Amino acid sequence: MQTQSLALGELFPPEPVQLLDDAEGGIVYHPGAATPAQAQRWYEGLRPLLPWRSEERPMYDRIVAVPRLMASVALDDPSRPVWLDEALAAVKAVAPAAYTRAGFNLYRDGQDSVAMHGDRVGDLAAGQPIAILSLGAARDMLIQPRPGIGGTKPRRSLRIGLAPGSVLVMSHASQRTHLHGIPKSAEPVGPRISIAFRVRLPVVGR
């Protein structure tokens with residue numbers, strides 16, 4: 001499958017870039033949702049305050065460590081970091097929605113990554129976006145069509161440089177047609193935090 005590489009800062013003007021079209025808005029890259037200074041302030045403020053955890057998962061015949069740290073915060077939690085409210089306001093300015101939860105990934109260096117995947121949509125509100133805010137070092141994201149899914153565009157893979165302060169907005173529908181992931185980097189790269197804002201459905205029985 002052909003991969004088109006979109007270089008950070010070269011092909012992205014300040015205005016949003018439509019990467020994928022669908023009936024729910026597709027996938028849109030907002031390169032300047034926050035200033036570099038804001039992104040750095042949020043990174044420095046959030047990293048020491050979040051409840052980072054490591055996980056292990058079975059792979060073939062062994063257990064392996066997930067190559068990143070993770071955290072999750074309910075947006076109505078009164079103990080949430082104040083920096084999160086500022087970040088959420090910047091995200092809502094480009095992708096308004098009634099977000100209920102923030103999921104965090106900490107990529108400590110170029111060896112941390114996330115495999116190609118689509119978000120599980122069963123517990124997400126239909127038609128509502130997933131908005132990913134990038135803080136810290138820039139990292140590439142790969143986006144590619146799911147195998148066997150016809151009629152979606154682009155039919156090629158994309159490599160997107162996610163700048164600090166940028167927001168990538170993905171539609172609920174795009175999770176069924178496309179995969180995304182953060183590959184390992186062979187080049188030295190600093191730490192990065194991604195914040196994925198989602199509209200989760202209420203848990204039955206609570």
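Not measured: the values here are computed from a predicted model.
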Query raised in the report: Shared ILVMFWY cluster between Leu162 and Val28, side chains joined below 4.5 angstrom?
Result: no
Report task. Would you check if Trp52 and Arg47 make a side-chain contact, meaning some heavy-atom pair closer than 4.5 Å? Result -> yes
Query raised in the report: How long is the span from the CG atom in Asp109 to the NZ atom in Lys184, to the nearest 0.5 Å?
Result: 8.5 Å
Requested in this report: Answer yes or no: is there a donor N or O on one side and an acceptor on the other, between the side chain of Tyr29 and the main chain of Gly161, under 3.5 Å?
Outcome: yes
**Report entry** Close side-chain approach of Pro129 to Phe197, heavy-atom, < 4.5 Å
**Finding:** no
Report task. Please report the shortest heavy-atom distance between Gly136 and Pro164, naming the atom on each side. Result -> O-CB, 3.2 Å
Report task. Quick one: pull up CG in Asp112 and OG in Ser185 and give me the separation to the nearest 0.5 Å. Result -> 11.5 Å
Query raised in the report: Can you name the closest pair of heavy atoms from Gly122 and Leu201 and give their distance?
Result: O-CD1, 3.7 Å
Query raised in the report: What residues form a ring-ring contact (aromatic ring centres under 6.0 Å, His included) with His172, not counting sequence neighbours?
Result: none
Requested in this report: May I ask whether Val189 and Leu69 are part of the same hydrophobic cluster, defined by side-chain heavy atoms of I, L, V, M, F, W, Y residues being less than 4.5 angstrom apart, directly or through others?
Outcome: no
Report task. Kindly work out whether a path of hydrophobic side-chain contacts (I/L/V/M/F/W/Y, heavy atoms less than 4.5 Å apart) joins Ile132 to Leu46. Result -> no
Report task. Compare every heavy atom of Leu179 with every heavy atom of Pro147, then report the nearest pair and how far apart it is. Result -> CD-CD1, 4.4 Å
Query raised in the report: Do other residues, nucleotides or ligands put more than 12 heavy atoms under 6.0 Å from the CZ atom of Arg53?
Result: yes
**Report entry** Heavy-atom check, side chain of Ile143 versus side chain of Leu20, under 4.5 Å
**Finding:** no
Report task. Would you check, one step at a time, whether the test side-chain contact (heavy atoms from CB on, under 4.5 Å) holds for Leu133 with Val167? Result -> CA-CA 5 Å; Leu133 172 65; Val167 173; 3.8 Å; yes
Query raised in the report: Hey, are the side chains of Val114 and Tyr107 touching, using non-hydrogen atoms and a 4.5 Å cut-off?
Result: yes
Query - Point-to-point distance, once rounded to the nearest 0.5 Å, from NE2 of His180 to CG of Leu158 - result: 13.5 Å
**Report entry** Closest heavy-atom pair and its distance - Val199, Ala97
**Finding:** CG2-CB, 4.1 Å
Report summary line: When every non-hydrogen atom of Trp42 is compared with those of Ala90, the smallest separation belongs to CH2-CB, 3.7 Å
Query raised in the report: Any donor and acceptor pair, going by atom type alone, linking the side chain of Asp77 with main-chain N or O of Val73 inside 3.5 Å?
Result: no
Query raised in the report: Are the side chain of Arg101 and the backbone N or O of Ala196 linked by a donor-acceptor pair below 3.5 Å?
Result: no
Query raised in the report: Does Gln18 use its side chain to pair, donor to acceptor, with the backbone of Gly25 at less than 3.5 Å?
Result: yes
Requested in this report: Indicate if Ile195 and Leu88 have the same hydrophobic cluster label, given that clusters are the connected sets of ILVMFWY residues with side-chain heavy-atom separations under 4.5 angstrom.
Outcome: yes
Query - Heavy-atom check, side chain of Leu142 versus side chain of Ser157, under 4.5 Å - result: no
Query raised in the report: With a 4.5 Å limit on heavy-atom distance, are the side chains of Leu106 and Ile193 in contact?
Result: yes
Query - Under 3.5 Å side-chain donor-acceptor pair for Ser134 and Arg139 - result: no
Report summary line: Between the NZ atom in Lys92 and the CG atom in Asp85, the distance rounded to the nearest 0.5 Å is 9.5 Å
Query raised in the report: Between CZ of Arg68 and OG of Ser54, what distance do you get to the nearest 0.5 Å?
Result: 11.5 Å
Query - Check: Glu24 side chain, Ala173 main-chain N or O, donor-acceptor pair, under 3.5 Å - result: yes
**Report entry** Value rounded to 0.5 Å, distance of CG in Leu49 from CG in Leu84
**Finding:** 10.5 Å
Query - Check: Gln175 and Leu124 side chains under 4.5 Å, non-hydrogen atoms - result: no
Query raised in the report: Side chains of His178 and Met170: closer than 4.5 Å at any heavy-atom pair?
Result: no
Query raised in the report: Which atom names give the shortest non-hydrogen contact between Val66 and Arg108, and what distance separates them?
Result: O-NH2, 4.5 Å
Report task. Treating Ile, Leu, Val, Met, Phe, Trp and Tyr as nodes and any side-chain heavy-atom pair under 4.5 angstrom as an edge, say whether Leu75 and Val94 lie in one connected cluster. Result -> yes
Query raised in the report: In a check of side-chain contact (heavy atoms from CB on, under 4.5 Å) between Ile27 and each of Leu168, Asp21, Val169, Ile160, which one passes?
Result: Leu168
